[in-house]
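Please read the structure below before turning to the comments.
Below, chain A is the first sequence line, B the second, and so on; all start at residue 1.
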2 protein chains.
Amino acid sequence: MNPVTQQKPADQAIAADAPAMRADARRNREKVLKAGRKCLADDGFDAQMEDIARRAKVGVGTVYRHFPTKDALVDALAAERFKGLTEKAREALDNPDPWVGFAEFMHYSASVQANDRALSEIMGARPETMREAADGSGLFEPVSKLIAKAQKAGSLRRDVVPEDVPLLMCGLARAPRGGSKGPESNWERYLGIVLDGLRAPAITKLPPPRA
Amino acid sequence: MNPVTQQKPADQAIAADAPAMRADARRNREKVLKAGRKCLADDGFDAQMEDIARRAKVGVGTVYRHFPTKDALVDALAAERFKGLTEKAREALDNPDPWVGFAEFMHYSASVQANDRALSEIMGARPETMREAADGSGLFEPVSKLIAKAQKAGSLRRDVVPEDVPLLMCGLARAPRGGSKGPESNWERYLGIVLDGLRAPAITKLPPPRA
DNA sequence: ACATAATCGGAACCTGAGTTCCGATTCCGG
DNA sequence: CCGGAATCGGAACTCAGGTTCCGATTATGT
């Protein structure tokens with residue numbers, strides 16, 4: 001209504017680098033991030049802002065000063081995790097054995113999700129957020145190379161395409177919490193099965209990927 | 001406070017068979033069930049009671065008369081689905097080729113989940129409900145036999161145990177909604193990979209299953 | 001057709017959780 | 001050491017969505 005009403009910058013986190021952010025502010029920002037990591041990892045998206053604030057020993061208001069929205073906080077932390085994935089994918093590219101590199105990446109990816117419920121929820125139920133975070137961290141490129149390399153070496157089945165990766169990671173995302181409740185689950189068994197399914201030569205013929 | 005306060009029968013659906021339920025009541029019950037199926041399939045657990053009521057052309061009160069709680073309704077419908085799975089597993093046992101029978105069961109399981117968001121959410125995020133529904137429908141037994149048979153025939157890897165099935169189904173649950181949003185996703189590709197991973201002989205050694 | 005009781009419908013209520021607001025507090029340059 | 005500005009904290013607000021309530025409606029036995 002008011003002509004000067006300004007939109008909230010659509011969910012972005014408040015700049016962390018700010019030319020001159022007061023020292024206590026930066027300190028609190030870190031505390032919020034750390035608390036957020038822990039709470040979101042434990043309770044997933046259900047984690048409550050108040051819990052995060054309490055754990056950070058800070059008022060809710062402070063949390064909101066740094067992250068205008070719960071989603072903003074979640075996104076920020078998701079971005080962190082994806083950066084980690086991307087880094088790992090790059091490292092894996094250096095592995096002399098392309099298959100081992102690929103497998104290591106998958107293992108890392110699964111284990112991260114097993115320890116971070118929020119991440120696994122994003123992977124499994126929020127394609128939007130996931131796409132953004134993945135793009136933002138440039139995950140696609142190293143993963144594509146990883147796949148191409150392993151296929152050229154003849155160890156990865158020929159019919160998987162880079163676009164399958166989100167799908168695979170989603171499956172992995174779900175598995176961790178499958179049967180039992182403990183954070184320690186049987187995800188490594190599941191991963192083992194999927195990896196064997198990804199080896200060359202393929203037996204089951206896959207339908208063509210849908211855009 | 002009042003000494004005669006009576007507890008709500010802990011989430012059970014109201015008996016459907018009732019000795020003498022009024023005809024319109026039974027009719028409405030059906031309408032609610034049908035609407036519930038559709039809404040839950042589309043929106044998962046987020047489906048709203050009012051939407052269900054509206055779709056059933058009925059008031060919310062009526063929904064609550066038949067199902068004292070949203071969970072009760074969800075449970076009731078989950079039970080239906082699990083009954084279907086169990087039936088399919090029994091049929092699969094009759095297949096002359098144990099591997100084909102097993103694969104068919106997995107395919108059915110995945111496709112049901114691809115078309116029912118609520119079911120896939122239960123599989124992926126509510127071990128409790130899932131366990132109950134599975135036990136209630138006796139799913140475990142035919143599945144165990146299916147596995148044993150396929151292993152004896154030498155087509156299914158030796159190191160999978162019946163307890164892995166929930167895990168596998170969870171992964172399948174997640175995959176459907178992986179990358180894209182459309183109800184039609186690439187789940188069949190994912191299933192193909194997992195099936196190949198389940199074939200004998202195993203390559204990757206799986207860690208022992210955790211209770 | 002009538003009485004009675006079960007059933008219906010949907011407005012109103014309640015709770016939980018994200019978000020806003022503003023007086024109190026803390027930082028930092030002069 | 002001071003003053004102003006940025007930051008903090010947490011009470012209060014808002015809103016969505018599950019659940020309850022009760023007068024109106026409708027089915028069923030006689």
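Here A/Phe102 pairs with A/Trp99 under the ring pair (Phe, Tyr, Trp, His ring centres under 6.0 Å) rule; sequence neighbours left out. Among residues two or more places apart in sequence or in another chain, the side chain to side chain contact (heavy atoms under 4.5 Å, CB included) test is passed with B/Ala25 by B/Met21, B/Arg22, B/His66.
B/Glu50 CD: 12 or fewer foreign heavy atoms inside a 6.0 Å radius. Counting non-hydrogen atoms of neighbouring residues, nucleotides and ligands closer than 6.0 angstrom, the CD atom of B/Glu87 reaches no more than 12 such neighbours.
D/dG17 atom C1' lies 15 Å from atom CG of B/Leu73, rounded to whole Å. Between the P atom of D/dG17 and the NZ atom of B/Lys70 lies a distance of 9 Å, rounded to the nearest Å. Atoms CG (B/Leu40) and C1' (D/dG17) sit 15 Å apart, rounded to a whole Å. For the pair B/Tyr64 OH and D/dG18 P, the interatomic distance rounds to 6 Å; values are reported in whole Å. Distance CG (B/Asp43) to P (D/dG17): 11 Å, rounded to an integer number of Å.
Taking every side-chain heavy atom of A/His66 into account, D/dC8 is the closest of C/dG10, C/dC8, D/dC8. The listed nucleotides are D/dG9, C/dA11, C/dT19; the one nearest the side chain of A/Arg65 is D/dG9. Between D/dG9, C/dG18, C/dC8, one nucleotide has an atom nearer to the side chain of B/Asn28 than all others, and that is C/dC8.
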Enumerate all atom pairs, one protein N or O and one N or O from nucleotides 27-30 of chain C, separated by less than 3.5 Å.
residue : atom : partner : partner atom : Å
C/dC27  : O4'  : A/Arg22 : NH2          : 3.4
C/dC28  : OP1  : A/Ala23 : N            : 3.0

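Using a cut-off of 4.0 Å between Lys/Arg side-chain N and Asp/Glu carboxylate O, B/Asp135 and B/Arg131 are scored as not salt-bridged. The pair A/Asp51-A/Arg55 fails the salt-bridge criterion, with no side-chain N (NZ, NE, NH1 or NH2) lying under 4.0 Å from an Asp/Glu carboxylate O. A salt bridge links A/Asp196 to A/Arg199: one of the charged nitrogens lies within less than 4.0 Å of a carboxylate oxygen. Ion pairing of B/Asp164 with B/Arg157 is absent here, as no side-chain N (NZ or NE/NH1/NH2) approaches a carboxylate O to less than 4.0 Å.
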Result block: side-chain N/O donor-acceptor pairs under 3.5 angstrom for residues 139-147 of chain A, not counting sequence neighbours:
residue  : atom : partner  : partner atom : Å
A/Glu141 : OE2  : A/Lys145 : NZ           : 2.8
A/Ser144 : OG   : A/Phe140 : O            : 2.9

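For A/Thr69, no side-chain nitrogen or oxygen approaches OP1 or OP2 of C/dG18 to under 4.0 Å. For C/dT7, neither phosphate oxygen OP1 nor OP2 lies less than 4.0 angstrom from any side-chain nitrogen or oxygen of B/Thr62.
B/Lys88 places no side-chain N or O within donor-acceptor distance of the main-chain N or O of B/Glu104, the cut-off being under 3.5 Å.
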Check the pair B/Val161 / A/Arg189 against side chain to side chain contact (heavy atoms under 4.5 Å, CB included), numbers first and verdict last. CA-CA 11 Å; B/Val161 296; A/Arg189 288 176 64 78; 4.0 Å; yes
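Bending across the helix from C/dA1-D/dT30 to C/dG30-D/dC1, expressed as the angle between its end axes from five pairs apiece, amounts to 20° (10° rounding).
Of the residues in residues 45-56 of chain B, none lies under 4.0 Å from DNA chain C by heavy-atom distance.
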